2 protein chains.
Amino acid sequence: MGRMPERVPGRLPGSPPTLADVAERAGVSRQTVSNAVNNAELLRPDTLERVRAAIAELGYLPNRAARNLRTRSSHLLGLRISPHLEGTAEATMDRFVHSLVEASRGAGYHVLLFDAVDRTDPLAGYDDLLRATAVDAFVVTDTYLGNPQAGLLDERGAPFVAFGRPWDDPGAPHPWVDVDGAAGTRLATDHLLDRGHERIAWIGWRKDSTIGEDRRSGWSSGLRDRGLPTSGLASRVEDTVASGREASAVLLDEARPTAFVCASDTLAIGVLHTLADRGLSAGRDVAVVGFDDSQAAQLVLPGLTSVRQPLEQVAVEVVRALEGVMTHQPRPEPGLLLVPTLSVRGSS
Amino acid sequence: MGRMPERVPGRLPGSPPTLADVAERAGVSRQTVSNAVNNAELLRPDTLERVRAAIAELGYLPNRAARNLRTRSSHLLGLRISPHLEGTAEATMDRFVHSLVEASRGAGYHVLLFDAVDRTDPLAGYDDLLRATAVDAFVVTDTYLGNPQAGLLDERGAPFVAFGRPWDDPGAPHPWVDVDGAAGTRLATDHLLDRGHERIAWIGWRKDSTIGEDRRSGWSSGLRDRGLPTSGLASRVEDTVASGREASAVLLDEARPTAFVCASDTLAIGVLHTLADRGLSAGRDVAVVGFDDSQAAQLVLPGLTSVRQPLEQVAVEVVRALEGVMTHQPRPEPGLLLVPTLSVRGSS
DNA sequence: CTGAAAGCGCTAACAA
DNA sequence: TTGTTAGCGCTTTCAG
């Protein structure tokens, strides 16, 4: 790594050395070099040493295309990314991409990014890469929308692991990794209860959002377990700052909560706006907790307490599951549910 | 796209059809199929039609590895990403990645993500991919740090385009695309001047940040051109919220500015914090402008006016330049400087 | 306009 | 333990 390969005379700088070059230099056959790279234990120590020296001198690295063709694998993981949503605190995806790249490297894989040409086709992009054998497997991240690509990929027998549960079809055969949203909001709710709050409101998404209902259940169970009321304390709106702002204003007027748990940081920031409008201090007068631990949560005054998904861990588990899929190992559990943490800041 | 390929009997679902399968089905030779795909104009219309039908029926797509091996190109663009910085409004990179994926697709390329194994080696990751011919070219984005990878890649004769000027070496041979930071802060400064501000302060980065000094120059030239003073109105600090907060407090006490232009949204949010501390209203009492148009700028109250980099356009131009590099076309201009815009919000 | 032959660089079998 | 042979699927000459 980082060692400058010797510039071999007569070789164009543009064309890297091949197996044959190394073999010639080391005075062995091509196959022996291949073995030195892939099955070192098959070689006699001194031969191995000689071949390794030649490899280092030439700066040899196996040509990917040739290896891919021969082994019928690309060592590439496909990840489809959606267009950036402006105006929301959507940070999860980007953080996950970083973690995935790192985890993949550890397993000898690179991440290939693609996007949907045709947004209406749930399989757009996937299908082409599959048929061209351009990737070994996919990481499917948009299952939270209740999108059908997981099911369709299952049908096609495509190798993939989902970040997100198959809500629609709990018996789906593919492996998945997900974060327990209910546990996260439960954590948030308990945190507020422990600080003495008893009237805790919920601002979440519309009822058709499965993930939204899951997060909501952490809040409601938290209150119920302490015998506290939830009725009149919940609101379901669009995921925008404006919606969070309006919903919190209404709740404040009608139900007088002393704390809010929100399905997203975007909504929570809307709550902060309402508090500012009314001269109330977030954290002192009314507590607020968001979800996703976005940059905005970290930067906003007085700091937004937020549920943080363990995305690094998700990525590691996704890659682990992927390795299982690609080696056709039977998986004991189809899914793995990870527990989020709470980043406590000034707002609570 | 999206059409379900016919399941051919006797063929494993896992192994896609090959050129030979299509040829057999269409009753032509393999080369004719290859021509139908790559040089359609060479075929007689009726033959072409027949081959195309067979391709559609089988859902054929050329095997990438085989094509890559033969054509000595991977149709992959390498992009190195750095670990996520928490606590700053770093949004530029992520937005750029999305734009790049989209622009690359238009040119028939996919984006391969990698990260640095060894953070101290400026060429970490690049070198291996190059020698393995795993990518056709790189997009180098971290030149703004004054990092040496551009120069090192130039030395190696590696094909790449930089997002960011070669500040250290203006005569560098590689193509680059950049955003004119000075023009952005000039835009911000003129905007404030037009609104009647005359005492406009600057909060930027340390002097050794070339890009920081560039952005600063837009502010200073803006004031100078109207015969307004700059002395005592500038501060150079670390890129953190806390630094922006402290620096603005000091400036407010010592120089009584009515507006701030900042080198980043992170710093600008620090200014907003100081204003909140002192019961001043951002936008009404004191105007603030940031840089990068991050999510935080959009979410924070009352909305942070911010310089927005035209990253979609940058990505398009980077890909265009890349195509030139890969076809060895001489480039008239080594670099292209794009002009940012101003997203005006409540803070000004 | 279509077909035959060659080979990109590598690795999986097998033979020595 | 090492070398030989074959072929992954494709495209690029070059003949027909």
Side-chain angles (χ1 to χ4, degrees), chain A residues 11-12 14-52 54-55 58-75 108 129-134 136, chain B residues 11-12 14-52 54-55 58-75 108 128-136:
Chain A
R11 172 164 284 291
L12 274 72
S15 54
T18 74
L19 211 57
D21 296 325
V22 178
E24 192 186 358
R25 182 158 190 130
V28 295
S29 77
R30 286 167 30 201
Q31 185 51 39
T32 302
V33 180
S34 176
N35 282 335
V37 174
N38 300 303
N39 306 292
E41 71 284 359
L42 293 181
L43 297 204
R44 215 189 310 143
D46 61 319
T47 316
L48 180 58
E49 178 51 39
R50 204 150 36 95
V51 175
R52 286 215 165 128
I55 287 175
L58 294 172
Y60 169 77
L61 227 53
N63 178 297
R64 287 286 268 258
R67 168 175 277 186
N68 292 348
L69 178 58
R70 188 62 240 234
T71 62
R72 300 168 161 290
S73 76
S74 63
H75 282 264
L129 290 170
L130 212 50
R131 274 156 43 208
T133 56
D136 289 349
Chain B
R11 170 164 285 291
L12 275 72
S15 54
T18 74
L19 211 56
D21 296 325
V22 178
E24 192 186 358
R25 183 158 191 129
V28 296
S29 76
R30 287 167 27 203
Q31 297 63 23
T32 302
V33 180
S34 176
N35 282 335
V37 175
N38 301 303
N39 306 292
E41 72 282 1
L42 293 182
L43 297 204
R44 215 191 307 142
D46 60 320
T47 316
L48 182 58
E49 178 50 41
R50 204 150 35 94
V51 175
R52 286 217 166 125
I55 287 175
L58 294 173
Y60 169 77
L61 227 51
N63 177 296
R64 285 287 267 260
R67 169 174 276 186
N68 292 349
L69 178 58
R70 188 62 241 233
T71 62
R72 299 170 160 288
S73 76
S74 62
H75 283 263
D128 289 358
L129 290 170
L130 210 50
R131 275 155 44 206
T133 57
V135 299
D136 288 351

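Residue numbers begin at 1 in each chain, while the letters A, B, ... track the order of the sequences. Note that the structure is a prediction, hence the values are computed from the model and not measured. Basis for what follows: all heavy atoms, side chains included, without hydrogens, waters or symmetry-related copies.
Out of C/dG9, C/dA6, C/dT2, the shortest distance to the side chain of A/N63 is found at C/dG9. Looking at the side chain of B/R72, the nearest of the listed nucleotides C/dC8, C/dA12, D/dT1 is C/dC8. For B/L69, whose side chain is taken as the heavy atoms from C-beta onward, the closest listed nucleotide among D/dG9, C/dG3, D/dT1 is D/dG9.
Rounded to a whole Å, the CG atom of B/N68 is 13 Å from the P atom of D/dT12. Atoms CG (A/N38) and P (C/dG9) sit 17 Å apart, rounded to a whole Å. As a whole-Å value, the separation of A/Q31 CD from D/dA6 C1' is 12 Å. In this entry the distance linking CD of A/E49 with P of D/dT1 reads 17 Å, nearest Å. One atom, CZ of A/R70, and another, P of C/dT11, lie 9 Å apart when rounded to the nearest Å. Distance CG (A/L19) to C1' (C/dT11): 9 Å, rounded to an integer number of Å. For the pair A/N35 CG and D/dG3 P, the interatomic distance rounds to 10 Å; values are reported in whole Å. Note: CG (A/N39) to P (C/dC10) measures 15 Å, nearest angstrom.
Remark: B/T47 is in phosphate contact with C/dT2, judged by side-chain N or O atoms under 4.0 Å from OP1 or OP2. OP1 or OP2 of C/dG3 sits under 4.0 Å from a side-chain N or O of B/T32. Side-chain N/O atoms of A/R67 include one lying less than 4.0 angstrom from OP1 or OP2 on C/dT11. Side-chain nitrogen and oxygen atoms of A/Y60 include at least one within less than 4.0 Å of the OP1 or OP2 phosphate oxygen of C/dC10.
Residue A/R30 is in base contact, counting any heavy-atom pair closer than 4.0 Å across all strands shown.
Side chain to side chain, B/N68 and B/S74 fail the donor-acceptor criterion of an N or O pair below 3.5 Å. Judged by distance alone, the side chains of A/R67 and A/N38 do bring a donor and an acceptor atom under 3.5 Å apart. One side chain, B/Q31 or B/S29, offers a donor N or O that lies under 3.5 Å from an acceptor on the other.
Side-chain atoms of B/R50 come within 3.5 Å of backbone atoms of B/A26 as a donor-acceptor pair (strictly under, hydrogens ignored). Looking at A/R25, its side chain never comes within 3.5 Å of a backbone N or O of A/L58 through a donor-acceptor pair.
Judged by closest nucleotide on DNA chain C, B/E41 is the one of A/S34 and B/E41 placed further toward the 5' end.
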